[in-house]
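A quick write-up on the structure given underneath.
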There are 2 protein chains.
Amino acid sequence: MTDSGGDMSIPASIAAAWGLTDRPSKGPKPGLSLQRVVQAGIAVADAEGLGAVSMARVAKELGTATMSLYRYVAAKDELLLLMVDAAYGPPPTDVITDWRKGLSNWAWAELKAFRRHPWGVRVPISGPPITPNELAWFERGLALLRGTPLTATEKPSVILLVSGYVRNVATVEADLREAFEAANLSPDDALNGYNRLVLSLTTPEAFPEVHAVVNAGTFDAADNPDDEFTFGLERILDGLDALITSRTTHG
Amino acid sequence: MTDSGGDMSIPASIAAAWGLTDRPSKGPKPGLSLQRVVQAGIAVADAEGLGAVSMARVAKELGTATMSLYRYVAAKDELLLLMVDAAYGPPPTDVITDWRKGLSNWAWAELKAFRRHPWGVRVPISGPPITPNELAWFERGLALLRGTPLTATEKPSVILLVSGYVRNVATVEADLREAFEAANLSPDDALNGYNRLVLSLTTPEAFPEVHAVVNAGTFDAADNPDDEFTFGLERILDGLDALITSRTTHG
DNA sequence: CAGTAACGCGTACGTCATACGCAATAATAC
DNA sequence: GTATTATTGCGTATGACGTACGCGTTACTG
């Protein structure tokens, strides 16, 4: 009863990221800029992890007082959202007509963005894409599906499917990295520790498949980290291919 | 140089969840139990969201002092991990020989668990599965692939692929729900607000595909929320089917 | 030149996780 | 039966953190 009017309007900082704010004609010139604040946040996150990103820490990075940041960002959540947007950067613009090659290229580019900024996967998703780069990636993904017989309902589902997969793999990679950095082990030792841990917690009777997988040495080495990603991606693309070709042949 | 010995041993509370702790013979009888603490945490999260889960709030739920919880859990992170584990519950135990039906059933069960406890997707993933239910789900998933020609390396990849997808869809569903609860709108109005927002931020020239999708009314209604899930799941299963049948026919 | 809007930022407050220590308790060792 | 000791509940205190508020300053507008 208090505030029945649902808003759904965007924060000023997001509008600024879209370049929709005309700079005010009055008052002192800003000493900072939204971009510089976001870049400082990224610098801190890259160097010290997302946990180190506090308003105070970001301000220190810029040599300003903590509260000055709030002239550019209304809340920390907004800063994080814009940091992720900047971490994505612009999507690949290669002109690719083959949807499969295009989507694969797109997915790899997204994975590389997350590898460059592993903290990206730790920022909780706050809603559907509204920042410039997020929407640009979405647009590019949809464009790659242009030649396919997929419906307007299906195309976004495909993008969700692929980008969600990228995010998952990136998350697992980040988990592994954080685990062995925290315990300062080598990646191999971390995997090995996990193997021994699982074997000690479970019995072969109750967890036969898990034991079989662990004993097969599946988790022994982080062989080529790309192989894991490739496997799932190819399955997804195969599944899409099946649908697309079935539509194409039954015209 | 300080602490070169990497540990990789588990927290006491996790061991307790596995039933590996012999209760101490000395001292007063515990007034609480790990299970009760975890259940209280779940009750708070279900009723008021994950954001409301503070140690103080959980303690209040139990009628105890905040610090008493630390006799059962060494840190809040552990509590959250165990809350998620309990939210999963045991995996479906249906005996299904057809891998595709089995995996589908498994995926749907996981989605339902997340729908029951939507905050589950908001708990950041801290590492590979080590809690009882998490590992039980993993085991079940692997068991469903027993009859397939997939290798010991591929099977976990498949599980990661499917459960990651479930998690993504559950996250998107949670996003939507939180968005319209926050703005107290109906789901339709929330979707509509997003549509108008996107159209106002982007131009049809720069974002033609996005405009086409929005104008097609794709995001107008949350029709049957299950349809979205089904679409992606079937694509994944199709992709797996392609691999499995190719292996089967080429013996 | 007065008015005004936007700036940088110091202060203060509320929330939260959690380290520490103490008194009470209950089993064990003598 | 008494002393010992491990373990419990929990009060207190600390330090981090996000951010509301307001003040003095700046630079453009009327």
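From a predicted model like this one, the values you see are computed outputs, not experimental measurements. Numbers restart at 1 for each chain; the letters A, B, ... are given by sequence-line order, proteins then strands.
With distances taken from any side-chain atom of Lys26(A) to the nucleotides dC28(D), dT5(D), dT25(D), the minimum falls on dC28(D). Considering only the side chain of Ser25(B), dT28(C) comes nearest among dT18(C), dA5(C), dT28(C). Considering only the side chain of Thr64(A), dC9(C) comes nearest among dC9(C), dT25(D), dT7(D). When the nucleotides dG8(C), dG9(D), dT8(D) are ranked by their closest atom to the side chain of Arg71(A), dG8(C) comes out on top. Picking from dT12(D), dA24(C), dA27(C) the nucleotide with the shortest atom distance to the side chain of Met67(B) gives dT12(D). Set against dC16(C), dG9(D), dC9(C), the side chain of Pro30(B) has dG9(D) as its closest nucleotide.
In terms of phosphate contacts, Tyr70(A) brings no side-chain nitrogen or oxygen within less than 4.0 Å of OP1 or OP2 of dG8(C). For dC10(D), one of the phosphate oxygens OP1 or OP2 lies less than 4.0 angstrom from a side-chain nitrogen or oxygen of Ser68(B). Applying the 4.0 Å criterion to OP1 and OP2 of dA17(C), one finds that Lys76(B) has a side-chain N or O inside that range.
Across the protein-nucleic acid pair, Leu69(B) atom CG and dA19(C) atom P stand 14 Å apart, rounded to whole Å. For the pair Arg57(B) CZ and dA17(C) C1', the computed distance is 17 Å after rounding to whole Å. Atom CG in Leu62(A) sits about 16 Å away from atom P in dC7(C), given to the nearest Å. In this structure, NZ of Lys60(A) is placed 20 Å from C1' of dG8(C), rounded to the nearest angstrom. In this structure, Leu80(B) places its CG atom 9 Å from P of dA17(C), rounding to the nearest Å. Following rounding to the nearest Å, Met55(A) (CE) and dG18(D) (P) show an atom-to-atom distance of 7 Å. Between Asp22(B) atom CG and dT7(D) atom C1' there is a gap of 14 Å when expressed in whole angstrom units. Put simply, CG on Leu32(B) is 18 Å from P on dT7(D), counting in whole angstrom units.
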Q) Is there a salt bridge (Lys or Arg N to Asp or Glu O under 4.0 Å) between Glu209(B) and Arg140(A) once you walk through the steps? A) CA-CA 8 Å; Glu209(B) 303 294 334; Arg140(A) 272 311 294 162; over 6 Å; no
Q.
Would Ile10(B) and Leu201(A) count as a side-chain contact (heavy atoms from CB on, under 4.5 Å) here? Give the steps.
A. CA-CA 10 Å; Ile10(B) 54 170; Leu201(A) 289 174; 3.7 Å; yes
Q. After noting the C-alpha distance and the side-chain angles of Leu82(B) and Val37(B), does the key distance pass the side-chain contact (heavy atoms from CB on, under 4.5 Å) rule?
A. CA-CA 10 Å; Leu82(B) 293 171; Val37(B) 172; over 6 Å; no
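Taking the nucleotide of DNA chain C with the nearest heavy atom to each of Ser54(B) and Pro28(B), the more 5' of the two is matched to Ser54(B). Between Gly63(B) and Pro24(B), the residue whose closest nucleotide on DNA chain D is further toward the 5' end is Pro24(B).
The aromatic rings of Tyr165(B) and Phe229(B) lie parallel to each other, their planes meeting at an angle below 30°, with 60° marking the opposite boundary. Ring planes of Tyr194(B) and Phe219(B): tilted class, angle from 30 to 60°.
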